[in-house]
Amino acid sequence: MSLLAEKSANVASAAQMFAEERAEILAGLKAPQKRISPKYFYDQRGSELFDEICTLPEYYPTRTELRIMERHLPEIAELVGPQAAVIEFGAGSGAKARQLLSELRDPVAYVPVEISGEYLAAQADELARDFPQLSIVPVVADFTKPFDLPAHPTMPLRNLVFFPGSTIGNFTRTEARHLLEIMREEAKPGGALLMGVDLVKDVEIIEAAYNDAQGVTAEFNRNVLLHLNAALGADFVPERFSHEAIYDARNERIEMRLVSLTEHTVHVDGEAIRFAAGEHILTEYSHKYSIERFRVLARQAGLEPEAVWTDEDRLFSVHYLTA
């Protein structure tokens, strides 16, 4: 199958995937505590907004992780070894993948996995121009569920699952363990994971990262409603909701919410969803970890912690785990 045909098939599978998940979306909006999965942030506009968030002065995770990676890339490359296939879960702008692929010894493939097909294809095309020797096959999928890996012209000696940005924090501890188990299966025996994990730290630093002064995170949060409008024919009015992000110290996590400003009714896929004034939709968790707590979680998922790197202020960590 040609790369163009593969991309077309992936976009078609994305549409089918969204149709199958209507029940999940409606169940979340009709639950006593309304919720929308954070995976629905990432349509084309949501992906662009998140790239902008990553450049904001308050948002420390991206620049801190990039510095950690830059400092320790030779060591990381030595652990990974030659002829690896890099499988990036939740692939974004490709900046971190580009940094990693530039240092690895003779990588043979890059498989970015994302739910937003249009954005994913554009990023894969850009990366392919800079790494013409790589087999680059984007996969449109919900990576919280097992998916099939594409074949490559050259058989990799090792699969490396790459999951930067502390996206693991979006999941509850139980969900995170399940996702790590899926990653272990995709890595295959002898494979490895390279993962960014945000650390527990001063609450003011954490809350500022999700309440930036320019309001980009607020726009990103409300954009999920526009995504549902387009995908499900809903009639959300984003201006009827305010952005809120607060730190829950007991559970060591940020809770990002959309708070209804008025009493009103929204129609989603033909069903009426009523909102009281002050009622909120939970759109995202962002759990923070201590290094040891995350290593315990990895072991519970059948992974072996091998190495961990942090910045000097211990804001963020990068973990290397083997399957």
Side-chain angles (χ1 to χ4, degrees), residues 3 6-7 10 13-14 38-39 41-42 46-48 50-51 54 61-62 65-66 68-70 72-73 76-77 79-81 83-104 107-131 133-152 156-171 176 179-188 191-198 303 316 318-323:
L3 182 57
E6 287 190 15
K7 287 178 182 175
N10 282 336
S13 71
K39 65 189 175 186
F41 282 136
Y42 299 101
S47 297
E48 292 168 352
F50 185 72
D51 287 347
C54 291
T62 299
E65 184 177 35
L66 283 168
I68 294 170
M69 292 277 293
E70 183 177 12
H72 298 285
L73 268 175
I76 292 169
L79 286 168
V80 175
Q83 291 185 243
V86 177
I87 306 155
E88 184 174 8
F89 278 47
S93 67
K96 294 169 188 174
R98 188 183 304 275
Q99 182 188 45
L100 176 63
L101 290 166
S102 297
E103 187 68 26
L104 292 180
V108 299
Y110 173 61
V111 181
V113 184
E114 183 57 87
I115 199 170
S116 176
E118 182 182 355
Y119 181 80
L120 180 63
Q123 298 305 319
D125 283 344
E126 185 176 331
L127 206 62
R129 288 193 290 270
D130 294 335
F131 294 89
Q133 78 283 9
L134 278 180
S135 170
I136 298 180
V137 185
V139 172
V140 178
D142 176 357
F143 60 72
T144 64
K145 303 170 185 175
F147 58 90
D148 293 330
L149 289 173
H152 304 291
L157 298 182
R158 161 174 282 175
N159 283 343
L160 177 70
V161 172
F162 185 41
F163 198 41
S166 199
T167 307
I168 192 70
N170 293 159
F171 301 88
L179 181 56
L180 289 172
E181 290 169 347
I182 291 174
M183 291 179 171
R184 185 195 68 210
E185 293 300 315
E186 299 294 349
K188 310 297 183 190
L193 277 64
L194 185 65
M195 178 171 298
V197 180
D198 202 5
L303 295 159
F316 200 88
V318 176
H319 294 251
Y320 184 79
L321 316 164
T322 52

Indicate yes or no: at least one non-hydrogen side-chain atom of H319 is less than 4.5 angstrom from one of L193.
no
Given side chains that start at C-beta, do those of V161 and R184 come closer than 4.5 Å, heavy atoms only?
no
CE (M183) and CD1 (I87) are apart, to the nearest 0.5 Å, by 10.5 Å
Going by the rule ring pair (Phe, Tyr, Trp, His ring centres under 6.0 Å), which residues pair with F147 if we only count those two or more places apart in sequence or in a different chain?
F89
Please list, chain by chain and in numerical order, all residues satisfying salt bridge (Lys or Arg N to Asp or Glu O under 4.0 Å) with E185, sequence neighbours excluded.
none
Which residues pass the side chain to side chain donor-acceptor pair (under 3.5 Å) test with T322, not counting sequence neighbours?
E306
Using the test side chain to side chain contact (heavy atoms under 4.5 Å, CB included), find all partners of P107 that sit at least two apart in sequence or belong to another chain.
L101, L104, L134
Could you measure the distance from the CG atom of L100 to the CD1 atom of I76? Nearest 0.5 Å is fine.
7.0 Å
M195 side chain near L180 side chain, heavy-atom distance below 4.5 Å:
yes
For Q83, the side chain to side chain donor-acceptor pair (under 3.5 Å) test, sequence neighbours excluded, returns none
Looking at every non-hydrogen atom in both residues, tell me the closest pair between A97 and Y110 and how far apart they are.
CB-OH, 3.5 Å
Go through the steps for E48 and F50 under the test side chain to side chain contact (heavy atoms under 4.5 Å, CB included), then give the verdict.
CA-CA 5 Å; E48 292 168 352; F50 185 72; over 6 Å; no
Could you pull out all residues at least two apart from D198 that satisfy side chain to side chain donor-acceptor pair (under 3.5 Å)?
Y60, K201, K288
For K39, enumerate each residue passing the salt bridge (Lys or Arg N to Asp or Glu O under 4.0 Å) test, keeping only those at least two apart in sequence or located in another chain.
E21, E24, D142
d(I136 CD1, Q123 CD) to nearest 0.5 Å is 11.5 Å
Side chain to side chain donor-acceptor pair (under 3.5 Å) against R158, all qualifying residues, sequence neighbours excluded
Y320
L120 and P112: which non-hydrogen atoms are nearest, and at how many Å?
CD1-CB, 3.6 Å
Is the backbone of F162 close enough, under 3.5 Å, to the side chain of E88 for a donor and an acceptor to pair up by distance?
no
Are F143 and E186 packed together at the side-chain level, in the sense that at least one heavy-atom pair is separated by less than 4.5 angstrom?
no
With side chains defined as the heavy atoms from C-beta onward, is the minimum distance between V108 and H152 less than 4.5 Å?
no
Separation between CG of D125 and CG of D130, rounded to the nearest 0.5 Å:
11.5 Å
What residues form a side chain to side chain contact (heavy atoms under 4.5 Å, CB included) with A84, not counting sequence neighbours?
V80
Kindly write out the residues that satisfy side chain to side chain contact (heavy atoms under 4.5 Å, CB included) with Q99, not counting sequence neighbours, or none if the list is empty.
L66, M69, E70, L73
Full working for side chain to side chain contact (heavy atoms under 4.5 Å, CB included) between L149 and N159:
CA-CA 10 Å; L149 289 173; N159 283 343; 3.9 Å; yes
Side-chain touch H72/I68, heavy atoms, less than 4.5 angstrom:
yes
Heavy-atom pair with the smallest gap, counting every atom of V139 and P150
CG2-CD, 4.0 Å
Nearest heavy-atom neighbours spanning F316 and P61
CE1-CB, 3.9 Å
